[in-house]
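Attaching a single structure in structure tokens format; questions to follow.
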Amino acid sequence: MSEFTKTLCPYCGVGCGLEVSPPAQHNKATNRDSQGNPNWRVRGDKAHPSSQGMVCVKGATIAESLDKNRLHYPMVRDSLDQEFRRVSWDEAFNIITQRIQTVRFTQGPEALCMYGSGQFQTEDYYIAQKLMKGCLGTNNFDANSRLCMSSAVAGYIQSFGADGPPCCYEDLELTDCAFLIGTNTAECHPIVFNRLEKYHKKNRKVKMIVVDPRRTPTAEAADLHLAIRPGTDIDLLNGIAHLLMRWNYIDTMFMDDCTNNFPAYTEVIRHYPPEVAARQCGISIEDLETAARYWGESERVLSLWSMGVNQSSEGTAKVRTIINLHLMTGQIGKPGAGPFSLTGQPNAMGGREAGGLAHLLPGYRTVKNPQHRAEVEEFWRLKPGQISPNPGLSVWEMITSLENDAVGLLWIAATNPAVSMPDLERTKKALLRSPFTIYQESYYPTETSAYAHVLLPAAQWGEKTGVMTNSERVVTLCQAFRQPPREAKADWEIFAEVGRRLGFEKEFAFANSAEIYAEFVQLTKNRPCDMTGISHAQLTQGATQWPHPEESPNCTDAINRVSPKRLYTNLRFHTPDGRAQFGAYYSKGLAEPPDPDYPFVLTNGRLYGHWHTQTRTGRIEKICKMHPEPFIEIHPRDAARLGVVDSMYVEVRSRRGKAKFPAKVTKAIAPGTVFVPMHWGSLWADNAEANALTHPESCPDSLQPELKACAVQLIPISVEITAKDRDYQKIGFKTSS
């Protein structure tokens with residue numbers, strides 16, 4: 001028996017396999033951190049198909065956060081100006097269930113809201129859906145995937161008839177042309193990038209195009225870097241399409257047999273000749289033509305994108321316009337080719353499978369579809385009509401509903417909206433209005449805990465067994481390797497116990513997460529994400545990829561007779577007529593473009609070592625040394641005009657708020673654009689919240705906010721004030737950590 005437990009890294013959507021062993025092992029010195037505390041050993045799992053033994057700094061140091069600042073006991077308070085008091089689980093459950101019943105019968109189920117997370121395992125997601133959408137009759141469950149992947153979801157559904165990235169990581173090592181747009185893959189999905197970069201270096205005929213206003217580490221590796229103006233993605237993509245059409249780099253047979261709506265698309269792209277598209281994007285015609293030539297001359301084109309595309313008021317349109325290029329050139333359903341969204345959270349894909357957004361139901365169903373509702377009601381043994389036909393509130397709609405007192409209970413789990421939401425001051429004011437907020441979290445404090453009436457200690461990665469699905473649809477069993485500390489419980493256990501205490505004993509009579517998963521996969525039968533052949537027992541033998549139906553070798557349904565690695569190899573899609581749909585979109589640009597009062601575009605993103613709002617990584621010494629403080633990147637031309645030099649503090653103001661950062665003067669950012677990392681909330685730095693500046697304008701289809709761009713002004717801060725701010729910042733950091 002191996003001394004190592006196989007699990008999955010709980011950070012990004014790459015889904016790297018890890019092996020973890022106890023601090024103390026036979027005939028070996030106890031593994032300890034720099035303070036002498038015993039520390040679990042972590043290494044990459046060489047047998048895992050996605051990561052092949054590779055691991056980044058976040059995965060390598062993950063165990064160092066296990067016992068730091070954990071929430072150990074349920075805590076309650078009657079109002080936000082009181083201190084928390086410790087209570088038993090029994091008392092906490094009674095308080096929660098009484099409040100749920102009061103809200104149900106006074107305001108109605110639509111006043112109940114839950115905001116969950118891609119940190120959930122699939123079993124957590126599923127039980128939450130069964131509780132909220134099934135038993136309580138409200139679709140008000142949303143997850144932080146709304147801020148992350150919902151534009152990709154909407155784009156895939158509209159173009160292909162179903163969600164699900166059609167590609168796999170093997171395609172990284174088979175493509176002739178990798179087209180990366182809106183993704184700093186080297187820092188945000190490092191193991192994916194490692195695989196691509198190694199292949200690219202060995203095969204010089206393979207081309208890599210990177211589209212990004214910043215010269216990121218990803219762009220440094222590219223054959224062609226297109227530093228487009230923020231908000232001009234559709235201009236670029238339509239400009240490439242115009243040239244592909246002009247030069248006849250199109251697959252007419254594929255389009256005739258397998259697609260619809262190409263004429264409407266051609267009408268749009270004729271308005272984007274190279275001189276127009278290049279001018280809009282702020283790039284040369286030569287570079288635009290090179291990009292189109294690379295795409296058109298390649299037999300296998302793989303596109304990769306992430307938040308830079310999804311987090312936009314045009315997010316769904318951008319995703320579909322990327323997909324259009326694949327459809328017009330037949331670049332899908334074959335090795336090394338296809339449109340591949342890189343998932344942000346470790347189990348955002350599992351959440352999509354389990355119905356973990358306000359408009360979804362398990363098994364890639366939607367709440368608006370009467371047949372889908374009926375299927376789930378019958379499976380859950382609910383009375384017909386129990387599931388609401390109306391999509392629930394998105395997380396931003398939950399915030400605005402708090403403002404008008406339409407929410408009676410807000411349950412937040414495994415996420416930190418007091419840092420991650422747009423228009424942060426407005427968000428915080430709304431959270432202060434919540435009459436009753438439950439916050440279910442592994443760590444204390446976080447920024448969001450300040451807004452909670454009830455704190456519930458959650459078991460985290462390594463302390464519960466469950467399933468996660470990564471960006472390439474690989475399903476991995478994450479085995480628990482230690483007991484939860486003190487009184488912490490798995491998220492699904494908390495949801496299930498509340499369900500039982502509300503009178504739904506039969507619906508939540510699960511002994512363990514394996515039983516939950518066995519029930520969940522039955523709801524995927526004959527669905528695009530069919531996982532009926534997967535179980536916890538089967539996954540102990542190794543990760544697998546969906547679709548994985550129970551009897552896939554004998555399947556006679558043509559649409560399900562697909563490669564286990566790639567979708568749509570038979571060139572049939574999940575639309576009524578089996579054809580993929582072109583989407584025709586003109587570029588609208590930024591929801592908030594720069595103007596004379598706010599002349600700069602602020603963009604934001606992740607850094608290599610940190611993860612989201614630092615709830616884990618902010619407590620890991622090595623990572624904090626790697627990224628000791630936030631910063632703002634400014635082009636030398638802009639810095640000189642403002643009188644800004646390296647390390648000088650700059651105040652950044654938008655129409656919603658302000659923040660301050662030390663300047664990093666660099667040619668890596670385009671003139672007129674500035675960049676700040678999004679990781680620092682109020683616990684980790686003073687007045688350095690990126691989302692104090694961003695706005696909530698969102699994509700009309702995906703409801704995903706445009707977190708990636710807003711208009712700002714920059715004001716240099718004097719050296720004397722800067723020195724004081726540094727002192728205050730250090731004091732605040734020490735206190736909070």
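Computed from a predicted model, the values in this text were never measured in an experiment.
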About how many Å separate CD of Gln119 and CH2 of Trp461, when rounded to the nearest 0.5 Å?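 Result: 11.5 Å between the selected atoms.
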
Show, in sequence, the C-alpha distance, side-chain angles and deciding distance for Asp405 and Arg433, and conclude whether the side-chain contact (heavy atoms from CB on, under 4.5 Å) test is met. CA-CA 8 Å; Asp405 301 323; Arg433 291 181 64 92; 2.8 Å; yes

For a side chain to side chain donor-acceptor pair (under 3.5 Å) check, start with the C-alpha distance between Thr694 and Asn691, then their side-chain angles and the critical distance, and finish with the verdict. CA-CA 5 Å; Thr694 56; Asn691 282 328; 2.9 Å; yes

Evaluation steps, side chain to side chain donor-acceptor pair (under 3.5 Å), between Gln522 and Lys525: CA-CA 5 Å; Gln522 293 309 307; Lys525 188 171 186 177; 5.4 Å; no

Short question: side chain of Ser159, backbone of Asn324 - any donor-acceptor pair under 3.5 Å?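 Here the side-chain-to-backbone pair does not exist.
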
Without swapping roles, check the side chain of Ser51 against the backbone of Gly17 for a donor-acceptor pair under 3.5 Å.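 Answer holds: yes.
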
Can you tell me if Glu472 uses its side chain to pair, donor with acceptor, with the backbone of Cys168 under 3.5 Å?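 No, because the side chain of Glu472 does not come within donor-acceptor range (under 3.5 Å) of the backbone of Cys168.
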
So Thr183 and His189, side chain to side chain donor-acceptor pair (under 3.5 Å) or not? Walk me through it. CA-CA 9 Å; Thr183 170; His189 298 90; 4.5 Å; no

Out of Ser145, Ser151, Ser394, which residue meets the side-chain contact (heavy atoms from CB on, under 4.5 Å) rule with Gln704?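 Only one of Ser145, Ser151, Ser394 forms a side-chain contact (heavy atoms from CB on, under 4.5 Å) with Gln704, namely Ser151.
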
Salt bridge check, Glu507 against Arg381: does any charged N sit closer than 4.0 Å to a carboxylate O?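 No, Arg381 and Glu507 are not salt-bridged.
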
Using atom types as modelled and distance alone, determine if a side-chain donor or acceptor of Gln311 lies under 3.5 Å from a backbone N or O of Leu147.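 Yes; at least one donor-acceptor contact below 3.5 Å.
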
Any donor-acceptor pair under 3.5 Å linking the side chain of Asn139 with the backbone of Lys133?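 Side chain of Asn139 to backbone of Lys133: no pair is present.
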
Filter on ring pair (Phe, Tyr, Trp, His ring centres under 6.0 Å), then keep only pairs touching residues 347-375, sequence neighbours left out; what's left?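 Listed once each, the pairs are Tyr364-Trp546.
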
Counting only N and O atoms by type, is there a donor-acceptor contact under 3.5 Å from the side chain of Arg616 to the main-chain atoms of Tyr443?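 Flag not set: sc Arg616 to bb Tyr443 has no pair under 3.5 Å.
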
Please confirm whether Arg320 makes a cation-pi placement over Phe582, using NZ or CZ under 6.0 Å from the six-membered ring centre and within 45° of the ring normal.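 No.
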
Do the ring centers of His574 and Phe160 come within less than 6.0 Å of each other?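 So the answer is no for these two rings.
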
Test side-chain contact (heavy atoms from CB on, under 4.5 Å) applied to Val419 and Thr446, step by step: CA-CA 9 Å; Val419 181; Thr446 72; over 6 Å; no

Do NZ/NE/NH1/NH2 and the carboxylate oxygens of Arg501 and Glu497 come within less than 4.0 Å?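 So Arg501 pairs with Glu497 through a salt bridge.
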
Could you grab the distance from atom CG of Asn369 to atom CG of Leu360, nearest 0.5 Å is fine?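 Between Asn369 CG and Leu360 CG, I get 12.0 Å after rounding to 0.5 Å.
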
What about Trp411 and Phe495, are their ring centers closer than 6.0 Å?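 Centroid distance Trp411-Phe495: below 6.0 Å, so yes.
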
Ignoring hydrogens and geometry, is there a side-chain-to-backbone donor-acceptor pair from Arg104 to Pro109 under 3.5 Å?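 Not at all, since once roles are kept as given, no pair shorter than 3.5 Å links the two residues.
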
Once ring-ring contact (aromatic ring centres under 6.0 Å, His included) is applied, do any residues pair with Tyr125, and if so which ones, sequence neighbours excluded?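 Residues passing ring-ring contact (aromatic ring centres under 6.0 Å, His included) with Tyr125: Phe120.
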
Would you say His48 and Thr476 are linked by a side-chain donor-acceptor pair, where the criterion is simply a distance under 3.5 Å?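 On atom types as modelled, these side chains qualify, holding a pair under 3.5 Å.
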
Check for a donor-acceptor pair, side chain of Arg572 on one end and backbone N or O of Arg579 on the other, with a separation under 3.5 Å.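 Checking the backbone N and O of Arg579 against the side chain of Arg572, no donor-acceptor pair under 3.5 Å is found.
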
Between SG of Cys188 and CE of Met307, what distance do you get to the nearest 0.5 Å?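 It comes to 8.5 Å.
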
Go through the steps for Glu403 and Arg426 under the test salt bridge (charged side-chain N to carboxylate O under 4.0 Å, His left out), then give the verdict. CA-CA 9 Å; Glu403 293 176 334; Arg426 182 178 176 185; 2.7 Å; yes

Side-chain donor or acceptor of Asp163 paired with backbone N/O of Tyr156 under 3.5 Å: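 Judged by distance alone, no pair lies under 3.5 Å.
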
Given the ring of Trp305, does Lys318 sit roughly above its face, with NZ or CZ under 6.0 Å from the centre of the six-membered ring and within 45° of the axis?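 Here Lys318 fails the 6.0 Å and 45° test against Trp305.
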
Before accepting this row, confirm whether a basic side-chain N of the pair Glu170/Lys565 lies closer than 4.0 Å to the acidic partner's carboxylate O.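 Yes.
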
SB check Lys130 Glu519 (cutoff 4.0 Å):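 Answer for the salt bridge query: yes.
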
Derivation and outcome, side chain to side chain donor-acceptor pair (under 3.5 Å), residues Thr122 and Asn347: CA-CA 7 Å; Thr122 301; Asn347 197 35; 3.2 Å; yes

For the pair Trp380 and Phe504, evaluate ring pair (Phe, Tyr, Trp, His ring centres under 6.0 Å) and give the outcome as yes or no after the intermediate values. CA-CA 11 Å; Trp380 282 344; Phe504 305 106; over 10 Å; no

Would you check if the side chain of Glu697 reaches a backbone N or O of Ser313 as a donor-acceptor pair within less than 3.5 Å?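 No, the answer is negative, given that no donor and acceptor are paired below the 3.5 Å cut-off.
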
